[in-house]
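A note on names: the letters A, B, ... follow the listed sequences, proteins ahead of strands, and every chain is numbered from 1. Nothing here was measured: the structure is a model prediction, and the numbers come from that model.
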Amino acid sequence: MNYWLMKSEPDTFGINDLINRPHQTEHWDGVRNYQARNMIRDEMKLGDLVFFYHSNCDAPGIVGMMEVVKEAYPDHTAFDPDNKHFDPKSDPAKPTWMMVDVKYVRTLARIITLAELKGKPELAELALVRRGNRLSIMPVSQQQWEFILALE
DNA sequence: GCCAACGTTGGC
DNA sequence: GCCAACGTTGGC
């Protein structure tokens, strides 16, 4: 089983929005970065656990946990001219962008903030805390996952 | 709101 | 294939 971290802006789609979806499940659309796409397409598997990270907000940090409940399939928002993430170059016959479905697992007892994570030597290799990192989806090792949860 | 860092685009 | 310009991300 693999572990992941995915970012979302709470003003757009926060963890409470996921809770309020039918079956507490939603497709994770809008990823338009090839490196992130490759991870979605090739590596995210049913049952993988994912940290829900709130970005671009007052207190950026990990707020909860979710589970992959459907593996990669075409991100239909890329074909919708009215969608913010429309990509005119993506051919529906050969989709460029993929997404998975995720289901809410639980909210953490507290927000584990980016500021806190940055100070931990155990997390020095975590992409999130590395300089200039902008990936919206990144792998988390089992050791990193357990270390972070122990901070809760 | 600022701006550093990064990915993508497109001229050449 | 190089690289400058541009747009976006996202912390602060």
Side-chain angles (χ1 to χ4, degrees), chain A residues 2-21 26-44 48-68 71-102 104-141 143-152:
Chain A
N2 301 311
Y3 299 92
W4 306 94
L5 179 147
M6 302 205 292
K7 299 177 181 174
S8 184
E9 302 187 12
D11 287 348
T12 306
F13 185 80
I15 192 159
N16 288 329
D17 296 304
L18 180 61
I19 290 172
N20 290 326
R21 287 293 190 270
E26 183 60 293
H27 51 268
W28 201 268
D29 63 55
V31 173
R32 299 290 181 270
N33 169 284
Y34 285 100
Q35 205 179 335
R37 188 281 311 271
N38 292 346
M39 288 188 274
I40 289 174
R41 186 190 59 193
D42 304 331
E43 299 180 52
M44 295 191 88
D48 283 1
L49 291 176
V50 185
F51 280 136
F52 197 128
Y53 178 89
H54 279 175
S55 67
N56 215 353
C57 57
D58 286 346
I62 295 169
V63 295
M65 194 189 295
M66 47 197 173
E67 175 187 356
V68 175
E71 293 181 7
Y73 62 107
D75 180 345
H76 58 80
T77 65
F79 312 129
D80 175 5
D82 296 325
N83 191 281
K84 182 185 172 195
H85 301 291
F86 174 58
D87 178 6
K89 288 177 308 201
S90 181
D91 176 1
K94 202 182 163 206
T96 306
W97 306 113
M98 311 287 281
M99 61 187 177
V100 294
D101 286 357
V102 288
Y104 174 79
V105 173
R106 70 178 180 92
T107 302
L108 299 193
R110 65 182 187 90
I111 300 176
I112 301 177
T113 64
L114 176 63
E116 182 177 354
L117 297 173
K118 273 183 170 173
K120 307 293 185 189
E122 294 87 345
L123 301 177
E125 301 303 315
L126 182 65
L128 185 73
V129 301
R130 298 193 71 97
R131 201 173 99 113
N133 170 68
R134 286 172 34 188
L135 270 182
S136 63
I137 297 181
M138 67 188 72
V140 177
S141 74
Q143 290 82 356
Q144 290 164 342
W145 179 273
E146 288 169 0
F147 178 83
I148 291 167
L149 274 185
L151 299 172
E152 186 181 3

For nucleotides 3-12 of chain C, just jot down a letter per nucleotide in 5' to 3' order: B, S or -, based on protein non-hydrogen atoms under 4.0 Å.
----BBBBBS
Can you pull the salt bridge (charged side-chain N to carboxylate O under 4.0 Å, His left out) pairs that have at least one residue in residues 89-102 of chain A, sequence neighbours excluded?
none
Of A:Lys89 and A:Gly132, whose closest DNA chain B nucleotide lies nearer the 5' terminus?
A:Gly132
For residues 143-152 of chain A, which residue pairs pass the salt bridge (charged side-chain N to carboxylate O under 4.0 Å, His left out) check, not counting sequence neighbours?
A:Arg106-A:Glu152
Sequence neighbours excluded, every pair satisfying salt bridge (charged side-chain N to carboxylate O under 4.0 Å, His left out) that has a member inside residues 126-140 of chain A
A:Glu125-A:Arg130
Of all residues at least two apart in sequence or in a different chain, which pass the salt bridge (charged side-chain N to carboxylate O under 4.0 Å, His left out) check with A:Arg41?
none
Pairwise salt bridge (charged side-chain N to carboxylate O under 4.0 Å, His left out) hits with a residue in residues 77-86 of chain A, at least two apart:
none
Could you check whether A:Trp97 and A:Tyr73 have their ring centres less than 6.0 Å apart?
no
Going by number, which of residues 74-81 of chain A have a non-hydrogen atom under 4.0 Å from DNA chain C?
none
For residues 111-124 of chain A, which residue pairs pass the side-chain hydrogen bond (donor to acceptor under 3.5 Å, both in side chains) check, not counting sequence neighbours?
A:Arg110-A:Glu116
Sequence neighbours left out, what passes salt bridge (charged side-chain N to carboxylate O under 4.0 Å, His left out) with A:Arg32? Give chain and number order.
A:Asp75
